[in-house]
Undergrad: 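Can you keep this structure in mind? I'll have questions shortly.
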Amino acid sequence: MHYWLFKSEPTCFSIDDLSRQPKQIMHWDGVRNYQVRNMMRDEIKKGDHLFFYHSSCLPPGIVGIAEVVKEAYPDFTSWDIQSDHFDPKSTPENPRWLMVDIKLVKKFSRLISLEEIKHHSKLKNMQVTRKGNRLSITPVTPAEWKVIMEMSA
DNA sequence: GCCAACGTTGGC
DNA sequence: GCCAACGTTGGC
């Protein structure tokens, strides 16, 4: 099992939005970056766990955990002309973009802020702390997972 | 709103 | 295949 960190802007889709979905499951659509798409295609498996991270808000940070319940399949918003994520080069016959389904596991009782993560000696190297890291999904090591789980308790 | 980082595009 | 221009992300 692998661990990940998924970023979302809470004004767009927050952990509370996830908790209100039927069965608390949502498809993770809108990825339009090849590195992230390939990660979903090749590495993100059913049963993997992820930190749900709120970005572009104050304060940014980890707000809970979710689980992958469906592996990569075509992102149907890519050929929906109404969608903000419409891509004319992607079609149902030849889909260019992928998504996975995630299910809420738990919302943390408090937010673990980026500030806190940056200052923790064991989390300093987490990809999310690095300047210019703009990937919406990044891998998390088991050691990092454990530390954050302890902080959230 | 600013700006750094960096991916993508397109002319050559 | 290079690289400048441009767009997007996301912290601050």
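Reminder, nothing fancy here: chain letters follow the sequence lines and each chain counts from 1. Remember, it's a predicted structure, so these values are computed and weren't measured experimentally.
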Undergrad: Send over the distance from A:Tyr34 OH to C:dT8 P, rounded to a whole Å.
TA: 15 Å
Undergrad: Not counting sequence neighbours, list each pair that qualifies as a side-chain hydrogen bond (donor to acceptor under 3.5 Å, both in side chains) and has a residue in residues 57-79 of chain A.
TA: A:Arg32-A:Asp75, A:Arg32-A:Thr77, A:Tyr73-A:Asp101, A:Asp75-A:Thr77, A:Ser78-A:Ser90
Undergrad: In whole angstroms, how far is the P atom of C:dT9 from the CG atom of A:Asn33?
TA: 10 Å
Undergrad: Tell me, please, which residues at least two apart from A:His27 pass ring-ring contact (aromatic ring centres under 6.0 Å, His included).
TA: A:Phe76
Undergrad: Write out a two-atom table: protein N or O, nucleotide N or O from nucleotides 10-12 of chain C, distance below 3.5 Å.
TA:
unit_1, atom_1, unit_2, atom_2, d
C:dG10, OP1, A:Lys7, NZ, 2.9
C:dG11, OP1, A:Tyr53, OH, 2.8
C:dG11, OP2, A:Ser56, N, 2.8
C:dC12, OP1, A:Lys118, NZ, 2.5

Undergrad: Taking side-chain hydrogen bond (donor to acceptor under 3.5 Å, both in side chains) as the definition, give me every residue that meets it alongside A:Gln35, ordered by chain and number, with sequence neighbours left out.
TA: none
Undergrad: Taking the side chain as every heavy atom from C-beta outward, state whether A:Pro59 and A:Leu111 have any atom pair closer than 4.5 Å.
TA: yes
Undergrad: Run the side-chain contact (heavy atoms from CB on, under 4.5 Å) test against A:Lys131 and tell me which residues pass, sequence neighbours left out.
TA: none
Undergrad: Show the distances under 3.5 angstrom between N or O atoms of the protein and N or O atoms of nucleotides 2-6 of chain C.
TA:
none

Undergrad: Enumerate the residue pairs fulfilling side-chain hydrogen bond (donor to acceptor under 3.5 Å, both in side chains) with a member in residues 138-150 of chain A, sequence neighbours excluded, ordered by first and then second residue.
TA: A:Thr141-A:Glu144
Undergrad: Identify, with sequence neighbours excluded, every residue that meets salt bridge (charged side-chain N to carboxylate O under 4.0 Å, His left out) alongside A:Lys103.
TA: none
Undergrad: Provide the full list of side-chain hydrogen bond (donor to acceptor under 3.5 Å, both in side chains) pairs with a residue in residues 4-14 of chain A, sequence neighbours left out, each pair given once.
TA: A:Trp4-A:Asp48, A:Ser14-A:Asp17
Undergrad: Between A:Asp87 (CG) and C:dG7 (C1'), how many Å, whole number?
TA: 15 Å
Undergrad: Distance check needed: C:dT9 P versus A:Leu5 CG, whole Å only.
TA: 17 Å
